[in-house]
Amino acid sequence: MFPEYRDLISKLKGHDVHFTRLFDKHNELDQRIKNKEAHIEPGTQLEIEQLKKEKLVLKDQLYTLLRQASA
């Protein structure tokens with residue numbers, strides 16, 4: 001996710017609690033989605049779509065924070 005901001009992500013994860021919380025939640029949702037799609041965890045298509053929407057909101061928030069920090 002956001003390879004162009006790799007260094008900045010590392011920096012923010014070490015210094016910005018809010019960014020770190022959002023980043024970790026995004027990764028957690030990503031793993032849950034993968035597990036449900038692979039039938040490792042139970043889940044309906046509707047649940048998976050909802051998780052994807054939540055993940056997208058977090059990704060948008062992370063991108064906004066990255067753009068602000070790089071300015």
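Values below: every heavy atom of this structure, side chains too, minus hydrogens, waters and symmetry copies.
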Rounded to the nearest 0.5 Å, how far apart are [atom1] of [X] and [atom2] of [Y]?
{"X": "Lys11", "Y": "Asp16", "atom1": "NZ", "atom2": "CG", "result": "10.5 Å"}
{"X": "Glu41", "Y": "Ile48", "atom1": "CD", "atom2": "CD1", "result": "10.0 Å"}
{"X": "Gln50", "Y": "Thr44", "atom1": "CD", "atom2": "OG1", "result": "10.0 Å"}
{"X": "Leu8", "Y": "Arg67", "atom1": "CG", "atom2": "CZ", "result": "12.5 Å"}
{"X": "Lys25", "Y": "Asp30", "atom1": "NZ", "atom2": "CG", "result": "12.5 Å"}
{"X": "Gln68", "Y": "Thr64", "atom1": "CD", "atom2": "OG1", "result": "6.5 Å"}

Does [X] belong to the same Ile/Leu/Val/Met/Phe/Trp/Tyr cluster as [Y], with side-chain heavy atoms less than 4.5 Å apart forming each link?
{"X": "Tyr63", "Y": "Leu29", "value": "yes"}
{"X": "Leu58", "Y": "Met1", "value": "yes"}
{"X": "Phe2", "Y": "Phe23", "value": "yes"}

Under the side-chain contact (heavy atoms from CB on, under 4.5 Å) rule, what do Thr20 and Asp24 come out as? Steps first, then yes or no, please.
CA-CA 6 Å; Thr20 302; Asp24 290 346; 3.6 Å; yes

Any donor-acceptor pair under 3.5 Å linking the side chain of [X] with the backbone of [Y]?
{"X": "His26", "Y": "Leu22", "result": "no"}
{"X": "Lys36", "Y": "Pro42", "result": "yes"}
{"X": "Glu37", "Y": "Lys34", "result": "no"}

Kindly indicate, with the supporting measurements, whether the criterion side-chain contact (heavy atoms from CB on, under 4.5 Å) is fulfilled by Leu66 and Phe19.
CA-CA 9 Å; Leu66 287 167; Phe19 180 87; 3.9 Å; yes

Under the side-chain hydrogen bond (donor to acceptor under 3.5 Å, both in side chains) criterion, do Gln31 and Asn27 qualify, and how do the steps go?
CA-CA 6 Å; Gln31 189 60 53; Asn27 287 338; over 6 Å; no

Using a cut-off of 6.0 Å, state whether more than 12 heavy atoms not belonging to Asp7 lie near its atom CG.
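12 or below, so no.
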
What I'd like to find out is whether the side chain of Lys13 reaches to under 4.5 Å of the side chain of Ser10, using heavy atoms alone.
no

Between Glu49 and Gln45, is the side-chain contact (heavy atoms from CB on, under 4.5 Å) condition met? List the steps.
CA-CA 6 Å; Glu49 292 304 317; Gln45 191 60 37; 3.0 Å; yes

Would Lys52 and Leu56 count as a side-chain contact (heavy atoms from CB on, under 4.5 Å) here? Give the steps.
CA-CA 6 Å; Lys52 286 181 177 182; Leu56 186 57; over 6 Å; no

